[in-house]
There are 2 protein chains.
Amino acid sequence: MATRTAAERREEARQAFDAYFAECPSRKLLDRLSDKWVTLVLTALEDGPRRYSDLARRIAGVSQKMLTQTLRGLERDGLVTRTLTPSVPVRVDYALTPLGESLMPLVSAIKGWAERHIEDVEEARRRYDACPGA
Amino acid sequence: MATRTAAERREEARQAFDAYFAECPSRKLLDRLSDKWVTLVLTALEDGPRRYSDLARRIAGVSQKMLTQTLRGLERDGLVTRTLTPSVPVRVDYALTPLGESLMPLVSAIKGWAERHIEDVEEARRRYDACPGA
DNA sequence: CCGTATCCTCCTCGATACTG
DNA sequence: CAGTATCGAGGAGGATACGG
């Protein structure tokens, strides 16, 4: 009888892996970019600062909760700045930081690959779905 | 009284947006790459074909369900091939397709940015968390 | 105008058990 | 060895209502 069962060993491995993941830079970046709204907010800001309500209008379909949550996250990560003007009513502007701007070429690269190759993916998908038996 | 309430207009916008999203190539790619296991499987395959059990061992912590699900998805998208050898017991090999290989530089680019800038992000995060009142 | 707080609903993912 | 089937917990995200 072993000191650990197979399940215990797997669980152990999973936890070690999660810990490894929490420390993996690429993973962190992917997690950020993969968020549904992050890239949209970033691209909405690439031409200059935008007001909160402006962003809400440009990114149609986003809920207040998600927009605020996304902006807070990006601000926390140092990718965007939040500038509050204490007029009445209040006015808040968001803008990309240099760090945020340095991320944009990456987004373009992704966009580029997708545009060049997505048709191949679609095609492969159709072929795969068309042949249930093989 | 308007023909549509604000809520209805938002819902309408959300649906239109979801439809737009379903057609957005960059989005599709990001959704694929953002998956927890996808990049791991891809990098595990970059040095050549691997057997199913080999992948399961190399990618510690992955469940059978997730590994199979990930591989199926990648196969469907034409990024990996699945080769079944009908010996006893069965043997199955997975490998990157040319399309899958063309994606690897992108993964490297992400890795590169992350390694160069993740420290800045961490730093920004610490600063943000340290100052609750500003 | 710019949020925060609460509730509630999918939907993903892991665990487990079984098959060719 | 290489999967499939089923179930249940947990989190992400939307709707709604309220606050500075």
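Below, chains carry the letters A, B, ... as their sequence lines are ordered, and counting in each starts from 1.
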Quick check against the 3.5 Å criterion: does A/W113 have a side-chain atom that pairs as donor or acceptor with the backbone of B/P105? no
Once you round it to whole Å, what is the distance between P of C/dG3 and CZ of A/R51? 11 Å
Mind listing the residues from residues 24-46 of chain A sitting with a heavy atom below 4.0 Å of DNA chain D? Number order is fine. A/W37
Are B/E119 and B/R126 ion-paired here, with the side-chain N under 4.0 Å from a carboxylate O? yes
When rounded to the nearest 0.5 Å, the distance separating CE of A/M66 from CG of A/L40 is 13.5 Å
Using the rule that Ile, Leu, Val, Met, Phe, Trp and Tyr join whenever any side-chain heavy atoms are under 4.5 Å apart, tell me whether A/V80 and A/L99 fall into a single cluster. yes
B/S/- contact track for nucleotides 3-9 of chain D, protein heavy atom under 4.0 Å: BB-----
Between the OG1 atom in A/T43 and the NZ atom in A/K111, the distance rounded to the nearest 0.5 Å is 9.0 Å
Kindly compute the distance separating CG (A/L71) from CZ (A/R82), expressed to the nearest 0.5 Å. 9.0 Å
So, OP1 or OP2 of C/dC2: does either fall under 4.0 Å of a side-chain N or O from A/R91? no
Rounded to the nearest 0.5 angstrom, the CG-CG distance for A/D54 and A/D93 is 9.0 Å
Expressed as a whole number of angstroms, how long is the span from B/M66:CE to C/dT12:P? 9 Å
Between its two end axes (five pairs each) the helix from C/dC1-D/dG20 to C/dG20-D/dC1 turns, nearest 10 degrees, through 40°
Rounded distance in Å - CG (B/L67) to C1' (C/dC13): 14 Å
Donor-acceptor pair, distance only, cut-off 3.5 Å: does the side chain of A/T97 make one with the backbone of A/L79? yes
Non-hydrogen atoms of B/R27 and A/L33 that approach each other most closely: NH2-O, 4.1 Å
Grab the CG-P distance between B/L55 and D/dA2 for me, whole Å please. 9 Å
Measure the CD-CG distance between A/E46 and A/L42 for me, rounded to the nearest 0.5 Å. 9.0 Å
Between B/S53 and D/dA2, is there a contact of a side-chain N or O with OP1 or OP2 at under 4.0 Å? yes
Atom OG in A/S34, atom CG in B/L29: separation rounded to 0.5 Å? 12.0 Å
